[in-house]
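Below, all heavy atoms of this structure are taken into account, side chains as well, without hydrogens, waters or symmetry copies. Residue numbers count from 1 along this sequence. Whatever order the structure lists ligands and atoms in, that order sets their numbers, starting from 1.
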Amino acid sequence: MTLHQNLIAGEWVGGDGVANINPSNTNDVVGEYARASADDARAAIAAAKAAFPAWSRSGILERHAILRKAADEILARKDELGKLLSREEGKTLAEGIGETVRASQIFDFFAGECLRLVGEVLPSARPNIGVEITREPVGVVGIITPWNFPIAIPAWKIAPALCYGNTIVFKPAELVPGSSWAIVDILHRAGLPKGVLNLVMGKGSVVGQAMLDSPDVHAITFTGSTGTGKRVAMASVEHNRKYQLEMGGKNPFVVLDDADLSVAVEAAVNSAFFSTGQRCTASSRIIVTEGIHDRFVAAMGERIQGLVVDDALKAGTQIGPVVDESQLNQDTDYIAIGTQEGAKLAFGGALLTRDTPGFYLQPALFTEATNQMRISREEIFGPVAAVIRVKDYEEALTVANDTPFGLSSGIATTSLKHATHFKRNAEAGMVMVNLPTAGVDFHVPFGGRKGSSHGSREQGRYAAEFYTTVKTAYTLA
Ligand code: NDP
């Protein structure tokens, strides 16, 4: 089997291979991917540092052309790359192709942004002096990504980093190196100069840690768990570097008595279970007012029992497998914890057997949960959700905001008054009305508050805030 190597200073370099396993069928090896060492990471950082002066001054047409080419190739290969993604991560083929198209759109967007770099010219407070405000690249950017969006998250970090003239050391999650390798290969062939984009696949504790420890990494953008995020933060403070964290969520979805029942159920099922619940924007706390509670739970149960859980690549599959054994154990542990805490496992939660050996779990819905239970406070990151019964809108809002996280927050209601009040008062970076808590656009800001995020927003024009540093220049006329 071909070994997919790391890219350091424009050269593909070897290392021991690690098998990339398909969670729908553990007999299926997606490919062999080289595992970088800490020395490889340091070589990649040195290469990115050496490439920075020239790339930071490269012409906008050169950057535009490379990002554009990448967008075009990703789109042209969407079926093949979408299949690779579904094979390595376990989300359905439709979701895998959709995410691949999203990556193409992101490269396309930032190809355009290269041509729209702007600054400001202002008069000084003093006479005969002009002031220019410009944005410059930050330097070497470290990119560390999680396994749940193997192509979209790398795309939304790599594209703006290149667009604004930074060089990159990129460490994807070890579980899903395939999609990352593919986009690095595409960008390399699209004409990126040596050292501008370096790929170091491998263990977070080795490769990621070497990035955190290096004074030559000037900014780190990280998406993943809260625990690792804190390590990134502490190491970054030590080096006085810029950092951006997107971490967990415990996103609420409120259903009010006046909601359209079918809209509420579709949004809740999507929020809780699609992509196997493995989205930071997934909702695992469904907060329902008492007038609609029983009808809502009954309709959810019907919908859940009809969901097709199977091999991600099979036609008709709606929910793929859990990503690996350790995540599956975490999900089933939380199902046990919820039951011990006194919540009622109303639907699902059983391990499933399919034609191929994989990590199949029936989506699980608890009822009679409280917001104090661990299943309501800790991120599970699987297809496990809990319904919390509340009296009215006011209590629903209080419960929705009673969480250490603040990424996304949703409501199902036909009341303009409640929708408007919720949009203003939900303590979250993103608010959804009559829509799932997950499912965001690529051209507008993405991110949260409280324990979910740190630093400026990702995506859209707001990405410039992280990938550039502002310079204020004064000139005597
Ligand atoms: P982890 O934090 O375990 O991993 C994220 C990345 O950090 C991986 O590439 C990992 O490497 C790396 N890493 C691990 N240890 C270190 C270290 N010491 N130094 C540097 N890097 C390190 O999270 P998961 O990938 O397991 O993703 C699941 C979690 O991520 C969930 O909690 C979820 O909520 C959150 N998440 C948040 C999102 C958001 O936008 N808010 C989006 C997606 C996920 P390795 O490959 O070795 O694991």
Cation-pi check, Lys91 to Phe149: give yes when NZ or CZ is under 6.0 Å from the six-membered ring centre and within 45° of the ring axis, no otherwise. yes

Only one of Phe170, Trp181, Trp12 clears ring pair (Phe, Tyr, Trp, His ring centres under 6.0 Å) with His188; which? Trp12

Contact check: Gly204 vs ligand 1, nitrogen or oxygen atoms, below 3.5 angstrom: yes

For the 3.5 Å polar cut-off, considering only N or O atoms, please tell me whether Met247 and ligand 1 meet it. yes

Students often mix this up, so state it plainly: with edges at 30° and 60°, are the rings of Tyr33 and His4 parallel, tilted or perpendicular? parallel

Using a 4.0 Å cut-off to any heavy atom of Phe222, which atoms of ligand 1 qualify? 2 (O), 5 (C), 6 (C), 7 (O)

Check this for me, if you would: do Glu465 and Arg135 make a salt bridge, where the nitrogen-to-carboxylate-oxygen distance has to be below 4.0 angstrom? yes

Tell me whether the rings of Tyr243 and His454 are parallel (<30°), tilted (30 to 60°) or perpendicular (>60°). parallel

For Trp147 and Phe381, take the angle between the two ring planes, folded into 0 to 90°, and tell me which bin it lands in: parallel under 30, tilted 30 to 60, perpendicular over 60. perpendicular

Where ligand 1 meets Glu379 - atom numbers and elements under 4.0 angstrom, heavy-atom basis: 31 (C), 32 (O), 33 (C), 34 (O)

Which atoms from ligand 1 have a heavy atom of Arg231 less than 4.0 Å away? 18 (N)

Nearest to atom 40 (O) of ligand 1, what protein heavy atom do you find, and at what distance? Cys280 SG, 3.1 Å

Please write down residue, atom name and distance for the protein heavy atom closest to atom 26 (O) of ligand 1. Trp147 NE1, 3.0 Å

Based purely on interatomic distance, does Lys171 place a nitrogen or oxygen under 3.5 Å from a nitrogen or oxygen of ligand 1? yes

For Gln209 and Asp213, does a side-chain donor sit closer than 3.5 Å to a side-chain acceptor? yes

Considering only heavy atoms of Gln209, which atoms of ligand 1 have at least one such atom less than 4.0 Å away? 17 (C), 18 (N), 19 (N), 20 (C)

Could you tell me which atoms of ligand 1, counted from 1 in the order shown, lie closer than 4.0 angstrom to a heavy atom of Thr223? 5 (C), 37 (C), 38 (C), 39 (C), 40 (O), 42 (C), 43 (C)

Here's a test for you: under side chain to side chain contact (heavy atoms under 4.5 Å, CB included), which of Phe109, Phe446, Phe110 qualifies with Trp156? Phe446

Short check: is a protein heavy atom less than 4.0 Å from atom 36 (N) of ligand 1? yes

Would you say Thr226 and ligand 1 have an N/O pair spaced under 3.5 Å apart? no

Among all protein heavy atoms, pick the one closest to atom 30 (O) of ligand 1 and tell me residue, atom and distance. Gly224 C, 2.8 Å

Nearest-neighbour protein heavy atom for atom 46 (O) of ligand 1, which is reported as residue plus atom name and distance: Glu174 N, 2.6 Å

Take Ile168 and Val196 through the side chain to side chain contact (heavy atoms under 4.5 Å, CB included) test and state the conclusion after the steps. CA-CA 6 Å; Ile168 297 171; Val196 171; over 6 Å; no

Polar side chain donor-acceptor pair, Ser37 to Asp40, under 3.5 angstrom: yes

What I want to know is whether Leu175 and ligand 1 share at least one N or O pair that is separated by under 3.5 angstrom. no

Going by the atom numbers of ligand 1, which of them fall below 4.0 Å from some non-hydrogen atom of Ile144? 6 (C), 7 (O), 9 (O), 12 (C), 20 (C), 21 (N)

Does an N or O anywhere in Ser452 fall below 3.5 Å from an N or O of ligand 1? no

Quick check on contacts: which atoms of ligand 1 are under 4.0 angstrom from a heavy atom of Thr145? 6 (C), 8 (C), 9 (O)

Establish, yes or no, whether the cationic atom of Lys242 lies under 6.0 Å from the six-membered ring centre of Phe466 and within 45° of the ring axis. yes

Taking only non-hydrogen atoms of Phe446 and a 4.0 Å limit, the atoms of ligand 1 in range are 40 (O)

In the complex you have, is atom 1 (P) of ligand 1 within reach of the protein, judged by whether a heavy-atom distance drops under 4.0 Å? yes

Is there a side-chain contact between Gln244 and Thr221 (heavy atoms, below 4.5 Å)? yes

So which protein heavy atom does atom 33 (C) of ligand 1 come closest to, and at what separation? Phe381 CE1, 3.1 Å

Pair Gln278-Ser275, side-chain donor/acceptor within less than 3.5 Å: no

Would you mind checking if Arg374 and Glu341 are paired as a salt bridge, meaning a charged N to carboxylate O distance below 4.0 Å? no

Examine Lys203 against ligand 1 and note whether any of their N/O atoms are separated by less than 3.5 Å. no

Considering heavy atoms of the protein only, find what lies nearest to atom 23 (O) of ligand 1 and give residue, atom and distance to 0.1 Å. Ser225 N, 3.3 Å

